[in-house]
Asker: 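My questions will all concern the structure given below.
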Amino acid sequence: MATTKASTQAQIFPGKGLALGASLHNVLSRLKSHPQLYPAIDIAYSSGEPLQKPVLLQLPANGLRLRFDGPDQRLRLIEVLDFTKINLVYKNQEVIKGAKSQDQPVSQQGPSFRHVYNRLFGPSYPGEYVSPASPSPYGTYVLSYPGIAFSFPLQDSAWSDQCDFVALLSSSAALPATSMAIFQGSSWPEVRAKVFTQQPQYPRSPALAGKNRDSLPDEVERFKIFGAGKLEAIRRSSSSTYITLSETTPQDLIAEFGPPDAIYRKNDRRISIHRATGGRTDPLHMSPSPGRGIEISDTEHSSNNSIADDSDEELAQGNPLDPSSLPTECFFNYFHHGFDAFISSPTTPGPAFPGSGLSDPSPPPPPPSSQLTVTKIILHGNVPGSYPFNRHRRSRWTIYADHLGEDLLTSETPYEDISKRLRSIWQNSYSSVDEERALQRPMVLNRGWGDSPESSVEFLGGWEESTGGKQRAGADGQDGGQGLGNTELFGFPGLLFEVMKNGALSSSTFPSTQLNQFIIGLCDSGSMPELPRSLTRSWSSTLKLPKSTFPPRASPADQAKYLQRCTDELYAWQRRERPADRPFVFHDGPPYANGDLHVGHALNKILKDIICRVNLGLGKRVQYIPGWDCHGLPIELKALQGQKDLSSISGPAGAAVIRKAARKLASKTVVEQMKGFRSFAVMADWENHYKTMNKDFEMRQLGVFREMVEKGLIYRRFKPVYWSPSTGTALAEAELEYKDDHVSTAAVVKFPLVTVPPSLAESSRVSVDRLSAVIWTTTPWTLPANAAIAVNESLDYVVVESQAHGQLIVAESRIGYLQGILNEELPIVHACIPGSELALHTTYRPLFKAPEAESQPVIAAEFVTAESGSGLVHCAPGHGMDDYEVCLARGIPAFAPVNDQGQFTEKAMPSDPALLCGKHVLGEGNSAVLEYVKSQDRLLHTHKYEHKYPHDWRSKQPIIIRATEQWFADVADIRGSAMEALEHVHFVPEAGKQRLQNFVKNRSEWCISRQRAWGVPIPALYHRGTGEAVLTKESVSHIMRVIEERGIDAWWTDDANDQAWIHPSLQESSGAGYRRGTDTMDVWFDSGSSWSLLEMLANRPPADVYLEGSDQHRGWFQSSLLTFIAHQLSSSENSNTPRAPFKNLITHGFTLDENGYKMSKSIGNVMYPQAIMDGTLLPPLQQKKRKGKKQVENQQPVYDALGPDALRMWVASSDYTRDVVIGTKVLQTVNISLHKYRVTFKLLLGALSDFSLDHIVPYEQLQKVDHIALMQLSQLVLNCQTAYENFEFYKAVSAVNRWTNMEFSAFYIEAIKDRLYTYAEDSTSRRAAQTTLFYIYRHLQEILAPVTPMLIEESWEHTPDLIKSQTEHPLKRIVSAPASEWNNPALETDSQDLLAVGSAIKTAQENARSKKQMGSSLQSFVHLVFPVQSPALTRVQDYLTELPDIYVVSSVTVGTATDPLPSDLSDTVWQYSAEFECADGSKGTAHVYAPHDSKCPRCWRYVVPEPQSGEETLCGRCEDVVREIDASASA
């Protein structure tokens, strides 16, 4: 099978495929050269036996899986697992044709049996049937041809040995093929047992099987190592060739193996020894994005495509294969042959194996300056998981020595066996046992994914300061290079092995004498006094450097694993294991199931999860059942958008179709949103989530409604309600949004009076015929419904004279306003008319009624004020809440001549219906009203008026107030109990209490009916003749029984005359009968009754916490409170003290962009949670550019994807009680913190790699700096626990950030590195530091568990087994309080003094560094001077022995101002000083100066007296430690 970049088709070649037999290196390099065709590559292998078990290379985007054998890494089997992802063609025929839909998922369908058997490959012998391994109805039939086989699912019940397999597979009992395999052999049954062991037919490189194979060098099958610098290369088809070190020339190599793939100059080293690297994960993911385990951009190695080509600029100017142009020392890189050759001047090769019959090589004569030879060969193992993986092809070898006999050592032999055998060969060649032991001590080596491929050839490196754990910035840039080793080097005379932790050989080196002498020199100086000690030992192997597999970032596969563990599995565990008598119930406010998730959703759900996890850490059993609000107008409208044909359907039939479409949409949205919520690492009972459209929920809701009906809290009335013309339904106040910039046309209108008070009628100056009342209105469209004019009884009114408009009545205090808008002086005709007198005796002529209509009254109303308008208000009880109440008290009926669409009806203007009928009241209808008023000479003035006006929260369109027949819940009767219940609720923030109280206090009723189809029906019946509504406990109970039997949709779909819905007491033998209503309940009643899902416990609220956005004070919080109070008042278990359904009520703000704007799609500032988790909102990671390396075209950017923890950290670090800002700056800060946490855990786990709880040192035996660290830890833990208790998560995160950056990283970890790395393994000092780190590790896990559970799960995954076996999983632990002895107030003062002194020391050191007089801080001595009798002097002197570690210097002395300065301070090379101020206010001076002693090569402290004879000398402490190590090794 082969694919080309220019074609999307893949040709099938049975028995050959994509070059069966090709090497893993070759296949990977070819695949990675086409990232557009192969966007994702995953490698799976056995981490324990990478060379024994097969290696799997999966191409998920292409539906392919390739299998390679482990020892030789050659392609043995090609499998097609998903036919839909690859267009297969065989002899110009498409393979996928012939697939049948049947029961098989489309995503897995392949070709049918008939297509394969009749059209593609023809008849074949019967295959084999494999019975199902699990309770599945299908087994597998394998149809095999030479080199290719297909697997067909076959019903197990249909299989029989006696059946004709052709007929059987052609029947409906068989499904299309689910997979296809290409292999080498005549049939699959024949080759199955030997597929990984038989000799491949084709070469490792497909190029050798092509037409130009004669022009290419033959590939090497295996190397034979004979010792004495001799190797034999066994080739595939041509004769073998030999390499002899210091004799074979570069020209010989080129003649036998072809030109090198790259040339690399030796001194261009790019390897970091003892640098921290990311751990490897298994399986290994290799997609175009780095950060997934391997940087694959380096896998394409050719002579014109390697970064090594220009590592020596001189080579670019001449012929790189001309010896005269080669540098003195360089490497020939043969990536495709699997080895590197070091080219240099001849040296003495390594010795022969003892007893081999070969002679030890003689030293070569002095060579000409231009003579270059091969002096070292490196054979690469290409072990999966190793640093140089896929840099080279795997090279196989065998060691030949007489001592080995027939039991040869090979590249597949575990190093432990190799070491034993080689030690036995060389045992008589050592001068002593100590020398042999010293030589066998390994050198720790670090491999990192970020180095250049050529650095793998220079793994010996130098033994400079980098071997001691000196920090260097790693390629990942995260851990600072803390010196974590991941491979080791072992040496024998003439041989060097690089060994991975699993014992596999990553590479093997066969060096010349210089390296041989270096390796032999790895012994104690007493054994070989003739050798300089600087060449005889690598002290890094004696250090206890941290070892951790914790990676810089988790791979996607590991993230998925951790996500499952810390959510679903953890929730199930705690429901089983935690005690039922300690419940914590978090009741989920259901989000609306009508759209994609945004960051507001993430803020909400993650806050809930953090609270649940905090309580899990307190030992409680958490109940958190997510829910969804599935009814209501937004979902109905969105469903209608996809059902355009519904516009012609009305009535019950239309409602049924709408409900079906809405239910489908809501169900789909719930699934999608649930997937998103789960990806946030939210721990919940997802399988038992609730939906308000579920039957069980609807029945509970109707039960709550029935209780309120029984209590008399539900009634029907014709009265004004908020009405949305844009959506055609009544709205509750909670469904309104107020816009401050709404513009209305205000009008000043006069109404001629008919009757007036006696004082006016008798006044000679008042002309009643010309007298009018003046009103001001911002809603002129309500004038047709005018029923009265209201005045305030306590105001005084006057009659003024207008030249243009006659005599006008206006409030005395509003004359100035009226004069201003009329632009004329208005002299007073009659003054001091009490409002009470006007309200008793005044009537006026209506404006829009027939001329013969009765006059209408002027009435008194308290809502009339003198603050605006004329002091007289026109009342339309059908369009105003206050108007309705004041008119109702006087028997004035409500009148609202407006239909559901907000248009005037014929009743608006009975005398001329066409004038207004059909016109929208907020548009042309309003204008028509004003035109008519003007035509009647009643319009005094109009102007635009900007004011606050309610809008529909869904459609964002203005609403109107309109009287309709609606169902209401009586809030007035229960709000007293509701207010009392709120006194026992804890509010976060506290201001939420007043806000919710105001909403409840100012509400008298709740309009609960909606004129929509998608919702829970109000179970009311209406008399067909009178329209009278029936709603009783009995009628509701009867309807609920029918719904239980038929389902709620039957309310709309059943026949309109179906008597089953009518209670027997209402069924009449004759008469009009009853019909079912069509109103549905307000969705706030739906979600507001969700508390009914919870267990009702005596004397406590059913939920511990409700948490939602601040807008829910008028929504879900309020509806939940009111329905729960009504339930208690109606329940037989009613207690004297009303309770809210929640113990704690928490509200969060809204999400804003970094400019403070609300997020909107139209603005383009919306942020989605997934973009935060995958890091795409931040700049992409910088790819390491290498000079001379061909860059991949159109390479996709790679982002710092930190997964759910990045999203959760943003939430936890935000003060959610106000609006929350999110943007790139905020996210960058979050990512920096997360990476800091990761580095902290990497350090902790590395330092604890050899620690167990048996090593814990008692507190009194810890060092003083350990006590300070534990004091600081205690403060951190207590502060965080308090913050969690108060729901102030951002305070906890802030405290952790401050601690990790200051107290841990900048202080404690620096102070103990020397103890951790250089002290004896079991020394009390080292174990004391580890004890402190263990406490830090444990408490840090507990602190971060609620916020970053993925990180904590990952830290547990990489926790050393010794600790795992003795501690409980951090996410399952009950958080512990810090030991009381840690909280020592005196240590706080000590730490302040130490930090003040340390700051001065660093200031002086920076002066020295700026003048390049000092590098490492260890390269300095310190003398501290304190005032005489200073308390700070006593405190600091208590730490005297620890001060060098605390300040990371080589020596610290202390004195007073009266003491003479140290003698070595006066004659030092350089010195600087800086002042410091102690906690008691006293001031001192820190003197920093050059050390007089020499540097210890092991610990790097300058504490060694001047060495004699130039030998390398250890400090006394290191001598003792090394002696102890050697003694332990010899025991």
Asker: If I compare all heavy atoms of S1130 with all of K711, which pair ends up nearest, and what's the gap?
Answerer: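 Closest approach of S1130 to K711, heavy atoms only: OG-CB, 3.4 Å.
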
Asker: Quick check: closest heavy atoms across L826 and I815, and the distance to 0.1 Å?
Answerer: O-CG2, 4.3 Å

Asker: S802 and E824: which non-hydrogen atoms are nearest, and at how many Å?
Answerer: OG-OE2, 2.6 Å

Asker: If you count the non-hydrogen atoms of other residues, nucleotides and ligands that lie under 6.0 Å from CD in E906, is the total more than 12?
Answerer: no

Asker: Can you tell me how far CZ of F848 sits from CZ of R938, rounded to the nearest 0.5 angstrom?
Answerer: 10.0 Å

Asker: Got a second to check how far T1078's OG1 is from R1010's CZ, nearest 0.5 Å?
Answerer: 14.0 Å

Asker: Salt-bridge test for E1034 and R706: reply yes if a basic N is under 4.0 Å from a carboxylate O, no otherwise.
Answerer: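 Judged by the 4.0 Å cut-off on N to carboxylate O distance, E1034 and R706 do not form a salt bridge.
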
Asker: Which pair of non-hydrogen atoms, one from T1123 and one from G1088, has the smallest distance, and what is that distance?
Answerer: OG1-O, 2.7 Å

Asker: Applying salt bridge (charged side-chain N to carboxylate O under 4.0 Å, His left out), can you list everything that pairs with D883, at least two apart in sequence or on another chain?
Answerer: none

Asker: Anything under 30° is parallel, anything over 60° is perpendicular, the rest tilted; go ahead and classify H631 against W1014.
Answerer: perpendicular

Asker: Whether the Q803 and E825 side chains hold a donor-acceptor pair (N or O, under 3.5 Å, no angle test) is what I'd like checked.
Answerer: no

Asker: Locate the shortest heavy-atom distance separating Y844 from V754; write the atom from each residue and the value.
Answerer: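 Residues Y844 and V754, closest heavy atoms: C-CG2, 3.7 Å.
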
Asker: Less than 4.0 angstrom from a charged side-chain N to a carboxylate O is my criterion; do E636 and R1012 meet it?
Answerer: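 Between R1012 and E636 there is a salt bridge, with a charged N closer than 4.0 Å to a carboxylate O.
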
Asker: For V1036, run the side chain to side chain contact (heavy atoms under 4.5 Å, CB included) check against L1031, L1021, V1030, I714 and tell me which one passes.
Answerer: L1031

Asker: Given side chains that start at C-beta, do those of S870 and V748 come closer than 4.5 Å, heavy atoms only?
Answerer: no

Asker: Once rounded to the nearest 0.5 Å, what's the spacing between atom NE2 of H1038 and atom CG of L1066?
Answerer: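 One finds 9.0 Å between NE2 of H1038 and CG of L1066.
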
Asker: Quick check for you: to the nearest 0.5 Å, what is the distance between N1057 atom CG and Y1074 atom OH?
Answerer: 15.0 Å

Asker: Against the six-membered ring of Y738, is K948 placed for a cation-pi contact (under 6.0 Å from the centre, within 45° of the normal)?
Answerer: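 Yes, cation above the ring, under 6.0 Å and within 45°.
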
Asker: Do Q966 and S1009 have side-chain heavy atoms sitting under 4.5 Å apart?
Answerer: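 Q966 reaches S1009 side chain to side chain.
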
Asker: As a test of understanding, state which of I809, I789, V768, T843 forms a side chain to side chain contact (heavy atoms under 4.5 Å, CB included) with L753.
Answerer: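 Answer after filtering I809, I789, V768, T843: I809.
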
Asker: Which pair of non-hydrogen atoms, one from M1081 and one from L702, has the smallest distance, and what is that distance?
Answerer: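 Looking at all heavy atoms of both residues, the shortest contact is CE-CD2, 3.7 Å.
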
Asker: How about R716 and E965: do any of their side-chain heavy atoms sit closer than 4.5 Å?
Answerer: yes

Asker: In sequence, state the C-alpha distance, the side-chain angles, and the governing distance for W1051 and W1061, and then conclude on ring-ring contact (aromatic ring centres under 6.0 Å, His included).
Answerer: CA-CA 8 Å; W1051 179 264; W1061 294 95; 5.3 Å; yes

Asker: Applying salt bridge (charged side-chain N to carboxylate O under 4.0 Å, His left out), can you list everything that pairs with D900, at least two apart in sequence or on another chain?
Answerer: R962

Asker: Which residue pairs pass the ring-ring contact (aromatic ring centres under 6.0 Å, His included) test with at least one member in residues 852-881, sequence neighbours excluded?
Answerer: W781-H879

Asker: Please name the residue in the list K1001, M979, Q1118 that meets the side chain to side chain contact (heavy atoms under 4.5 Å, CB included) test with L996.
Answerer: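 Going through K1001, M979, Q1118 one by one, the side chain to side chain contact (heavy atoms under 4.5 Å, CB included) with L996 is satisfied by Q1118 alone.
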
